[in-house]
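Below is one structure, written out as structure tokens; the observations come after it.
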Amino acid sequence: MVKHAKPKGFYDTFDRKTPAGGPASETTHYCPGCGHGTVHKLIAEALADMGIKDRTIFLSPVGCSVFAYYYFDTGNIQCAHGRAPAVGTGVSRSLDDAVVISYQGDGDLAGIGTAEIVHAANRGENMAVFFVNNAIYGMTGGQLAPTTILGQVTTTSPLGRLKDREGGPIHMSEMLDALDGPAYIERCSLADAGRVMKTRKAIRKALSNQVERRGFSFVEILSPCPVGWKTTSTQARNWIKETMESVFEVKTFRDREDMRKGTGRLPIMDDAQLKNLLGADMVDEVRTGTALESIERVKIAGFGGQGVMSAGVLLANAAIAEGLEATWLPSYGPEMRGGTANASVVLSNEPVGSPVVDRPTALLAMNGPSLDGFEDTVVPGGLIIVNSSLIKRKVKRTDVKAIHAPISAMAAEAGFLKGANIVMLALYMLEVGVPGIETLNIVIPKSLKKKEMVNVNLKLVKVAEEFHANG
Ligand SMILES: Cc1ncc(C[n+]2csc(CCOP(=O)(O)OP(=O)(O)O)c2C)c(N)n1
Ligand code: SF4
């Protein structure tokens with residue numbers, strides 16, 4: 001007797017479809033006859049049979065299977081469109097024992113996410129990719145996908161896909177088979193029961209490859225989308241067999257049983273090794289017990305050549321020298337010369353979660369475009385320091401502290417116009433108090449590669465101190 005039951009890899013109930021206050025649902029959100037349901041079942045069964053669901057991280061894509069996390073009783077992450085292989089890279093590199101599943105449609109994987117899948121495959125990342133190829137964008141209403149076959153009618157190719165107009169279908173398995181990285185590549189089909197059993201085997205193979213740490217496994221599954229194709233379920237399965245399979249050959253492309261992958265992680269280094277690696281930019285801790293009242297998010301902005309990047313590095317180094325946590329993130333304008341540039345520096349008592357500075361607590365504006373571009377982003381109560389030598393207008397905001405200082409003129413008067421960045425940085429540090437200005441005086445000699453520049457830069461710190469004391 002064949003007993004049909006819900007695989008143990010699934011949750012008991014699918015809450016997505018449970019009506020408010022109503023009975024728990026056991027149905028999915030997929031259309032009748034959709035291949036996603038079949039692939040889900042095969043994966044859920046395998047996870048339960050292999051006893052690996054507790055160490056599995058399932059990456060849901062964007063597409064009809066966006067809600068996969070409502071079904072799989074695993075760790076779940078919902079990824080931005082096409083980015084699952086990048087997320088999976090992070091997961092598998094940080095969790096040695098994880099079985100990472102990247103579940104993706106053809107729009108997700110072969111359209112918006114082409115770069116991510118190619119590079120993850122090339123690096124041979126530890127993950128099993130299940131690529132559900134239904135030759136169409138199902139979720140958004142049946143538009144042409146990268147894998148739509150020639151002549152296929154979709155809502156955006158009403159006359160049928162034409163090679164000269166839309167290009168031919170992309171064969172992802174063949175493309176990835178050109179790379180050295182993958183361990184296992186197989187194309188399967190859901191056209192009939194026999195083929196479903198072969199897909200079942202391929203899915204288990206890809207998952208056991210994860211357990212064995214063989215690296216990157218890729219299973220492409222030709223899958224019916226009766227709603228997008230405007231067919232019955234039977235017609236859809238026949239179409240796969242008779243038409244799709246003649247374009248996408250069902251076969252094993254490679255199976256490298258002997259492959260083994262490491263974690264791909266950098267070695268963990270102690271301070272001495274790090275210092276050796278980073279050289280002069282590392283500064284010994286000079287003061288301990290420093291604490292910030294709250295996270296400082298600093299945007300130092302100007303045009304290329306004004307030294308905004310090096311001011312950012314100095315600030316981050318000064319903070320680290322005082323035992324704080326700091327990040328520095330450069331952003332270069334598109335022009336090679338004369339363009340705008342800015343450095344984002346985050347200072348914190350705790351490890352920094354994100355180096356991005358969208359809402360600065362302080363803006364150090366070296367030129368007009370920087371003030372125009374970032375003034376509105378500063379948090380209320382924040383600080384804006386304006387280089388009034390080059391910026392002729394005043395700060396408009398009334399809910400921030402504004403300091404207008406002739407930064408460039410002060411640097412020029414001290415004999416070193418290019419050191420305006422140091423005057424600006426010193427002024428900021430004097431204003432905020434943490435890290436302390438004396439730390440900047442220690443960091444400057446350690447950080448400057450041209451030792452003959454040390455004294456002039458220290459002189460610029462003094463210039464800023466005088467301005468601050470008088471103003
Ligand atoms: C950044 C972004 N761009 C576009 C979309 C719209 N969008 C949602 S699903 C989808 C395509 C999904 O197609 P596929 O990956 O083939 O999955 P299927 O729905 O067929 O299973 C697109 C373009 C989006 N959600 N996000
Ligand atoms: S539109 Fe197609 S892929 Fe999406 S759930 Fe319906 S049948 Fe499945």
Side-chain angles (χ1 to χ4, degrees), residues 14 16-17 25 27-44 58-72 77-88 101-118 120 129-149 152-157 161 166-167 169-173 175-176 187-191 196 199 203 218-240 243-244 247-248:
F14 301 145
R16 174 82 200 164
K17 294 285 280 185
S25 172
T27 62
T28 74
H29 73 288
Y30 294 113
C31 311
C34 174
H36 281 303
T38 312
V39 182
H40 278 27
K41 184 167 191 282
L42 296 177
I43 297 172
F58 193 104
L59 310 175
S60 302
V62 169
C64 281
S65 47
V66 65
F67 294 133
Y69 54 84
Y70 274 100
Y71 305 118
F72 290 95
I77 301 176
Q78 208 287 311
C79 304
H81 209 0
R83 307 308 184 241
V87 176
I101 295 178
S102 181
Y103 185 104
Q104 301 181 257
D106 43 88
D108 189 82
L109 181 142
I112 196 166
T114 330
E116 280 73 12
I117 193 65
V118 168
V129 179
F130 299 127
F131 170 41
V132 181
N133 178 3
N134 59 18
I136 209 160
Y137 283 17
M139 178 182 172
T140 43
Q143 294 86 351
L144 178 128
T147 54
T148 296
I149 68 171
Q152 188 180 339
V153 172
T154 70
T155 53
T156 47
S157 58
R161 183 174 196 160
E166 287 99 7
I170 295 182
H171 294 72
M172 286 310 299
S173 292
M175 244 174 86
L176 300 186
R187 186 183 283 124
C188 314
S189 150
L190 301 179
V196 170
T199 305
I203 285 173
F218 186 83
V219 181
E220 175 173 348
I221 302 159
L222 306 182
S223 173
C225 172
V227 167
W229 298 349
K230 301 185 175 37
T231 60
T232 63
S233 292
T234 311
Q235 286 166 340
R237 279 164 208 270
N238 286 340
W239 189 75
I240 293 179
T243 309
M244 243 184 133
V247 178
F248 297 107

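As the structure lists them, so they are numbered: ligands from 1, and atoms in each ligand from 1.
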Audit row: S173, E220, side-chain hydrogen bond (donor to acceptor under 3.5 Å, both in side chains) steps and yes/no: CA-CA 7 Å; S173 292; E220 175 173 348; 2.7 Å; yes

Side-chain donor-acceptor contact under 3.5 Å, H36 with Y71: no

V87: side-chain contact (heavy atoms from CB on, under 4.5 Å) partners, not counting sequence neighbours: L59, I77, C79, V91

S60 side chain near V66 side chain, heavy-atom distance below 4.5 Å: no

Residues in the immediate environment of ligand 1 (any heavy atom closer than 4.0 angstrom): H36, V62, G63, C64, H81, G105, D106, G107, D108, I112, N134, I136, Y137, G138, M139, T140

Shell of protein N/O/S atoms around atom 4 (Fe) of ligand 2, taken as anything under 2.8 Å: C64 SG

Main-chain N/O of A110 paired to T114 side chain as donor or acceptor, under 3.5 Å: yes

Donor on one side chain, acceptor on other, S223 and N134, under 3.5 Å: no

Partners passing salt bridge (charged side-chain N to carboxylate O under 4.0 Å, His left out) against R83 (at least two apart in sequence or in another chain): E116

Side chains of P85 and Q104 in contact at under 4.5 Å (non-hydrogen atoms): yes

Donor-acceptor under 3.5 Å (R237 side chain, L190 main chain): yes

